[in-house]
Amino acid sequence: MEHKIWFNGELIPYEKATVHVLSHALHYGSSVFEGIRCYRTEKGSAIFRLEEHMRRLVDSARIYRMEIPYSQEELCTAAVKTIQEAKLSACYIRPLVWRGMGSLGVNPLKNTVESMIAVWEWGAYLGPEALENGVDVQVANWNRMAPNTFPALAKAGGNYLNAQLVKMDAVLKGFDEGIMLNVNGYVAEGSGENLFIIRDGILYTAPTGLSILPGITRDSIITIVQEMGMKVVEGQIPREALYIADELFFTGTAAEITPIRSVDHYKIGSGKRGPLTAAIQDKFFDIVVRGEDPYGWLTPVPGV
Ligand code: PPE
């Protein structure tokens with residue numbers, strides 16, 4: 001993991017990329033971040049939907065009134081450079097923007113805004129066999145944030161305190177992941193993934209606006225499945241729809257498309273990856289493995 005890190009505009013050695021203990025973000029969760037993947041496709045290394053991820057980073061920062069001193073385009077160029085310097089043909093990219101030094105106390109307006117981009121190799125998020133065999137999940141006993149509490153459209157560090165509670169409870173009880181409901185009891189998403197339900201060939205997912213992160217993989221899957229001729233319904237999904245689904249899967253940059261084989265010990269479908277999930281994964285892997293790019297989603301990273 002010890003590759004150079006892009007830190008406030010410069011690529012610096014891994015050990016030098018440190019912050020002070022009185023940084024605002026450490027005390028109050030005042031950071032925003034992204035998770036992006038670079039794939040070693042058959043046509044060369046390429047970053048998946050780089051611009052959309054950096055746009056969401058800029059949006060998240062704007063929501064929290066953080067002024068990033070770099071443009072979206074400069075951040076994209078910095079990500080490519082960081083990968084080239086690390087010589088990683090396939091990796092996970094983690095941009096982070098946070099409130100640094102200034103004063104302590106809740107008001108962050110006078111604190112610095114710092115930025116960094118790190119890259120590392122990251123395999124399958126929910127375990128090496130998850131993409132094929134699926135994962136076992138529970139409905140979490142913590143909800144997603146209510147509207148007008150924490151902004152769900154921002155991918156902010158502080159949001160992941162809630163995600164950590166969900167993940168820890170799931171893991172301690174022997175599950176791989178937890179699915180959160182929103183405050184009204186409708187299905188929202190996993191601690192670090194969006195969620196799709198398939199029943200009778202139709203896909204259902206929570207709409208952005210009902211306390212989910214507007215996932216870029218989610219958006220990609222909606223595009224891909226519509227092209228495959230399937231219908232996608234974005235709406236309120238009651239908890240019990242999970243238990244009677246034909247197929248279920250998570251989507252996310254880290255999780256990619258991970259099938260879910262059980263929820264709360266209810267077996268989903270035949271208890272392994274379903275046929276439509278497999279077909280959707282194939283279409284996704286046509287892009288990120290074979291390097292086919294019908295939607296202009298790949299940014300090449302030359303020379304790695
Ligand atoms: N919901 C949440 C809460 C979430 O954290 C992610 C990404 C998604 C949905 C999917 O969004 P997208 O990656 O744009 O399709 N979670 C990131 C962080 C995971 C982590 O453990 O850290 C990720 O997948 O990179």
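Note that the numbering runs from 1 along the sequence shown for the chain. Start at 1 and go down the list; that is how both ligands and their atoms are numbered.
No side-chain donor from either of Gln236 and Asn182 sits under 3.5 Å from a side-chain acceptor of the other. No hydrogens or angles considered: a donor-acceptor pair under 3.5 Å links the side chains of Ser191 and Glu177. Counted by atom type alone, Thr112 and Glu114 present one or more donor-acceptor pairs between their side chains at under 3.5 Å.
For atom 17 (C) of ligand 1, the closest non-hydrogen atom on the protein side is Lys155 NZ, 3.2 Å. Distance from atom 13 (O) of ligand 1 to its nearest protein heavy atom, with residue and atom name: Thr253 OG1, 2.6 Å. The single protein non-hydrogen atom nearest to atom 22 (O) of ligand 1 is Arg94 NH2, 3.1 Å, given as residue, atom name and distance. Thr217 OG1, 2.5 Å is the protein heavy atom nearest to atom 15 (O) of ligand 1.
For ligand 1, the atoms sitting less than 4.0 Å from at least one non-hydrogen atom of Tyr160 are 2 (C), 3 (C), 4 (C), 5 (O), numbered in the order shown with element in parentheses. Annotation for ligand 1: atoms under 4.0 Å from non-hydrogen atoms of Tyr92 are 17 (C), 18 (C), 23 (C), 25 (O). Using a 4.0 Å cut-off to heavy atoms of Glu189, the atoms of ligand 1 that qualify are 1 (N), 2 (C), 3 (C), 9 (C). Close approach of ligand 1 to Gly252 is summarised as follows: ligand atoms under 4.0 Å from at least one heavy atom of the residue are 10 (C), 13 (O), 15 (O).
In the hydrophobic cluster analysis, where Ile, Leu, Val, Met, Phe, Trp and Tyr join through side-chain heavy atoms closer than 4.5 angstrom, Ile237 is grouped together with Ile260.
Relative orientation of the Phe284 and Phe48 rings is perpendicular, given thresholds of 30° and 60° on the angle between their planes.
Scanning all heavy atoms of the two residues, the minimum distance from Met54 to Pro95 falls at CE-CG, 3.8 Å. Residues Ala140 and Val166 come closest through the heavy atom pair CB-CG1, 3.8 Å. Across every non-hydrogen atom of Met66 and Val32, the tightest pair is SD-CG2, 4.2 Å. Across all their heavy atoms, Thr258 and Leu131 have their closest contact at OG1-CD2, 3.8 Å.
Neither the backbone nor the side chain of Gln164 comes within 4.0 Å of ligand 1, counting heavy atoms alone. Neither the backbone nor the side chain of Glu34 has a heavy atom within less than 4.0 Å of ligand 1. Under 4.0 angstrom from ligand 1, the non-hydrogen atoms of Ser191 all belong to its backbone.
Checked against a 3.5 angstrom limit, the closest N/O atoms of Trp122 and ligand 1 fall outside it. Geometrically, ligand 1 and Ala255 share no nitrogen or oxygen pair separated by less than 3.5 Å. Residue contacts with ligand 1: Thr251 is placed with no nitrogen or oxygen under 3.5 Å of a nitrogen or oxygen of the ligand (distance criterion only).
For the residues Gly215, Gly192, Ser220, the heavy atom positioned nearest atom 6 (C) of ligand 1 is part of Gly192. Between Ile212, Asp219, Leu195, Asn194, it is Asn194 that holds the heavy atom closest to atom 10 (C) of ligand 1. Checking Ala188, Ala254, Ala152 against atom 24 (O) of ligand 1, the nearest heavy atom belongs to Ala254. Looking at Tyr125, Phe33, Phe48 and measuring to atom 21 (O) of ligand 1, the nearest heavy atom belongs to Tyr125.
Arg94 and Glu34 are not joined by a salt bridge, as no carboxylate oxygen comes within less than 4.0 angstrom of a charged side-chain nitrogen. With salt bridges taken as basic N to acidic carboxylate O contacts below 4.0 Å, none links Arg56 and Asp219.
Within the structure, the closest approach of Arg56 to ligand 1 falls below 4.0 Å when heavy atoms are considered.
Between Tyr125 and Tyr92, the ring centre distance reaches or exceeds 6.0 Å.
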